[in-house]
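Letters A, B, ... mirror the listed sequences (proteins, then strands); counts begin at 1. Scope of the values below: all heavy atoms of this structure, side chains included, with no hydrogens, waters or symmetry mates. Since the structure is predicted, the reported quantities are computational estimates derived from the model, not experimental observations.
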2 protein chains.
Amino acid sequence: MKKKSIKDIAQDLGVSKTTVSFVLNKKGDEKNISKKTQKMILDYIKKVGYQPNQIAKSLKNGTTNTIGYLVPDISNPFYAKIGRTIEDLLWEKGYHLIIGSTDEKKEKEERLLNMFLNRQVDGLIIASCFIKGEVLKSLSEHNFPMVFFDREDPGCLANYILVENKTPMKEAIQKTIDKGAKKIGLLSITPDVYSLKLRIDGYKQALLDNGLEYDQNLLRIVDHNRIKESAQKELKYLIEAGVEVVVFTNNQITATAIWLMNMLYPEKVKEITFVSFDNLDIFDYSMPKVISIAQPIDSIAKQSVEILAEVIKSKKIKNTRIELKPKLIVR
Amino acid sequence: MKKKSIKDIAQDLGVSKTTVSFVLNKKGDEKNISKKTQKMILDYIKKVGYQPNQIAKSLKNGTTNTIGYLVPDISNPFYAKIGRTIEDLLWEKGYHLIIGSTDEKKEKEERLLNMFLNRQVDGLIIASCFIKGEVLKSLSEHNFPMVFFDREDPGCLANYILVENKTPMKEAIQKTIDKGAKKIGLLSITPDVYSLKLRIDGYKQALLDNGLEYDQNLLRIVDHNRIKESAQKELKYLIEAGVEVVVFTNNQITATAIWLMNMLYPEKVKEITFVSFDNLDIFDYSMPKVISIAQPIDSIAKQSVEILAEVIKSKKIKNTRIELKPKLIVR
DNA sequence: CTGAAAGCGCTAACAT
DNA sequence: ATGTTAGCGCTTTCAG
């Protein structure tokens with residue numbers, strides 16, 4: 001009882017492979033296959049539980065109905081949620097997902113990218129640090145269907161699904177200044193990513209707009225290879241410097257800092273306010289209070305899928321840049 | 001500058017496809033290809049950036065180096081973390097992951113399973129509700145390489161990577177009883193999953209061991225299709241019934257309940273203790289206090305990959321049942 | 001209305 | 001030491 005192929009079916013039924021293939025692909029009527037033959041084939045298919053070999057199909061068609069999803073870390077809730085939503089949306093269009101986590105490492109990213117390409121994925125959805133890397137650049141030049149989200153390189157023309165960074169960050173911080181904050185620190189992971197730079201710009205702008213001095217020492221960078229230890233050190237610096245507000249450039253670092261505050265400075269959690277780019281459910285009740293900038297996860301996923309599908313379908317060059325508005329959540 | 005195939009390479013270089021194929025597969029020496037030819041081919045390969053077409057390879061070899069990862073929801077941190085770890089471990093062995101989220105829906109699960117099979121995955125790593133479903137059963141009978149984790153059906157022989165359920169749950173609850181708790185409620189999602197049943201058994205056992213009455217009304221079931229609303233209703237019931245402790249059977253429901261407590265009953269968060277199967281970082285500082293049972297994520301991932309690789313390699317029937325010990329975290 | 005046959009890119013047994 | 005060729009399972013043109 002090994003797996004039947006089209007050939008087996010045809011033989012068993014005494015018809016040709018062609019006929020079976022046509023019926024399977026619902027081209028029976030179009031190709032004038034008699035109702036009787038069609039029914040016979042369909043019944044037999046069902047009976048033996050025939051499943052077409054997609055690999056063979058792919059080889060023939062040159063299309064795999066597979067999309068690569070390349071992100072820094074699929075276990076980061078932001079990427080996991082978006083991945084999940086994309087999975088569902090793509091499923092409706094007949095695609096499914098291969099995933100890859102890069103850990104923000106250039107060589108891992110290139111290796112995964114090559115793996116995806118060897119696997120003949122039909123398209124890519126990417127949140128990458130290295131948009132300028134060789135592989136991506138060459139893909140871009142060859143007009144391979146891709147959409148980037150979360151991060152951009154303004155030097156590269158491509159399809160981007162982004163959210164506004166600078167202004168929302170500025171406005172979120174403004175809320176704390178309105179309440180009297182004067183000493184505001186910032187914690188970010190290594191900002192070799194343009195979006196993070198913009199978020200930091202928003203921070204600087206907020207200070208500037210309010211005539212507050214920008215103190216470079218209050219802008220602390222956390223090593224993303226050892227987040228916990230590094231964040232602990234940098235947070236300590238800020239606390240001891242007496243900041244009233246700490247600003248974070250993404251959810252991962254905020255979550256870590258909340259944990260650290262509660263573990264190490266429980267007596268201070270009521271005095272300090274956090275501002276976080278990215279939102280998490282726990283911010284609704286965790287201490288310190290968090291003013292957060294919630295990215296529109298569903299829209300990001302939806303737009304990414306939409307644009308990608310469009311590009312794949314049209315085979316045309318397209319450089320869309322969509323900038324979505326995040327939502328400010330004041331707590 | 002379209003993509004080169006082996007054929008193109010062979011033509012360009014004036015050798016045969018075979019020679020190129022052998023060199024590519026590092027069989028050059030074994031097959032007595034002259035060093036000179038080998039070098040020539042390798043140099044050319046590098047120059048034109050040749051990438052083998054894995055689809056063609058797969059069709060030929062009947063193996064795709066792809067593993068399907070089937071879970072209820074890839075955006076659940078538990079499955080996301082395990083997925084991430086599995087991704088890394090499999091990568092080392094030359095495999096990569098296709099993902100599918102079932103939403104605990106039987107038909108979605110079967111559709112995804114069929115998709116995986118059409119795609120000729122070499123194996124499956126599954127956390128499923130429907131181990132007894134048609135497709136899985138037939139796969140099992142045909143000895144398809146699979147390993148199940150997180151959930152089991154004791155009626156089905158298969159490879160299982162599990163954690164102890166009953167005893168740890170009992171012991172966790174015992175801690176609260178030791179501190180004087182008398183009225184203990186439980187909140188669970190629909191427990192059509194055997195592991196959840198065992199966790200509930202642990203709850204009952206804890207009561208029994210301590211001569212506490214088992215009140216069926218304090219065992220509340222949450223509809224997993226609308227967790228938030230349903231949990232709110234059931235939690236309210238327990239609170240109003242005056243429980244001192246609430247037990248949860250998985251992280252998702254605990255996280256929701258913590259959120260609800262903080263939103264709706266902030267004045268009560270200090271009086272109540274939670275017991276949670278599954279751990280989350282936030283439990284370290286969130287209120288109510290949570291005594292949690294932490295599943296050994298890394299071991300689960302590692303064992304799953306190990307067993308799967310073994311089964312794929314050996315082509316032998318194997319029914320391993322590994323039961324890992326979770327870690328009790330008292331807070 | 002149905003069938004034969006070519007070919008997608010790759011591997012490997014079998015020539016030479 | 002290297003080339004010829006069949007074939008993996010499928011689609012699709014062209015011929016009956």
Mind jotting down which residue pairs meet the salt bridge (charged side-chain N to carboxylate O under 4.0 Å, His left out) criterion with at least one end in [range]? Sequence neighbours excluded, please.
{"range": "residues 113-138 of chain B", "value": "K132(B)-D153(B)"}
{"range": "residues 61-84 of chain A", "value": "D73(A)-R84(B), R84(A)-E87(A), R84(A)-D88(A), R84(A)-D73(B), R84(A)-D103(B)"}
{"range": "residues 43-71 of chain A", "value": "K39(A)-D43(A)"}

Applying side-chain hydrogen bond (donor to acceptor under 3.5 Å, both in side chains), can you list everything that pairs with E107(B), at least two apart in sequence or on another chain?
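R111(B).
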Report the secondary structure of DNA chain D in dot-bracket form, marking unpaired bases with a dot and bases paired to a different strand with |, and treating Watson-Crick or G-U pairs with both distances under 3.5 Å as paired.
||||||||||||||||
Work out which heavy atom in N159(A) is nearest to a heavy atom in N319(A); give both atom names and the distance.
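For N159(A) and N319(A), the tightest heavy-atom pair comes out as OD1-CA, 3.5 Å.
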Could you label the plane-to-plane angle of the Y69(A) and F149(A) rings as parallel, tilted or perpendicular, counting under 30° as parallel and over 60° as perpendicular?
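Ring orientation of Y69(A) relative to F149(A): parallel.
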Can you tell me how far [atom2] of [N] sits from [atom1] of [X], to the nearest Å?
{"X": "N65(B)", "N": "dC10(C)", "atom1": "CG", "atom2": "C1'", "answer": "14 Å"}
{"X": "L13(B)", "N": "dG3(D)", "atom1": "CG", "atom2": "C1'", "answer": "15 Å"}
{"X": "I41(B)", "N": "dA1(D)", "atom1": "CD1", "atom2": "C1'", "answer": "12 Å"}

Pick base, sugar-phosphate or nothing for S58(B), based on heavy-atom distances below 4.0 Å to the nucleic acid.
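Contact class for S58(B): none.
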Go along nucleotides 9-16 of chain D 5' to 3' and tag each nucleotide: B for a protein heavy atom under 4.0 Å from its base, S when only backbone or sugar atoms are that close, - otherwise.
BBBBB---
Side-chain N or O of S34(A) versus OP1/OP2 of dT2(C): is the shortest distance under 4.0 Å?
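So the side chain of S34(A) is within the cut-off, an N or O lying under 4.0 Å from OP1 or OP2 of dT2(C).
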Checking I55(A) against T64(B) for the side-chain contact (heavy atoms from CB on, under 4.5 Å) test, could you report, in this order, the C-alpha distance in whole Å, the side-chain angles of both residues, the deciding distance, and whether it holds?
CA-CA 9 Å; I55(A) 297 290; T64(B) 55; 3.8 Å; yes
So for atom NZ, which belongs to K302(B), do other residues, nucleotides or ligands contribute more than 12 heavy atoms lying within a distance under 6.0 Å?
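No.
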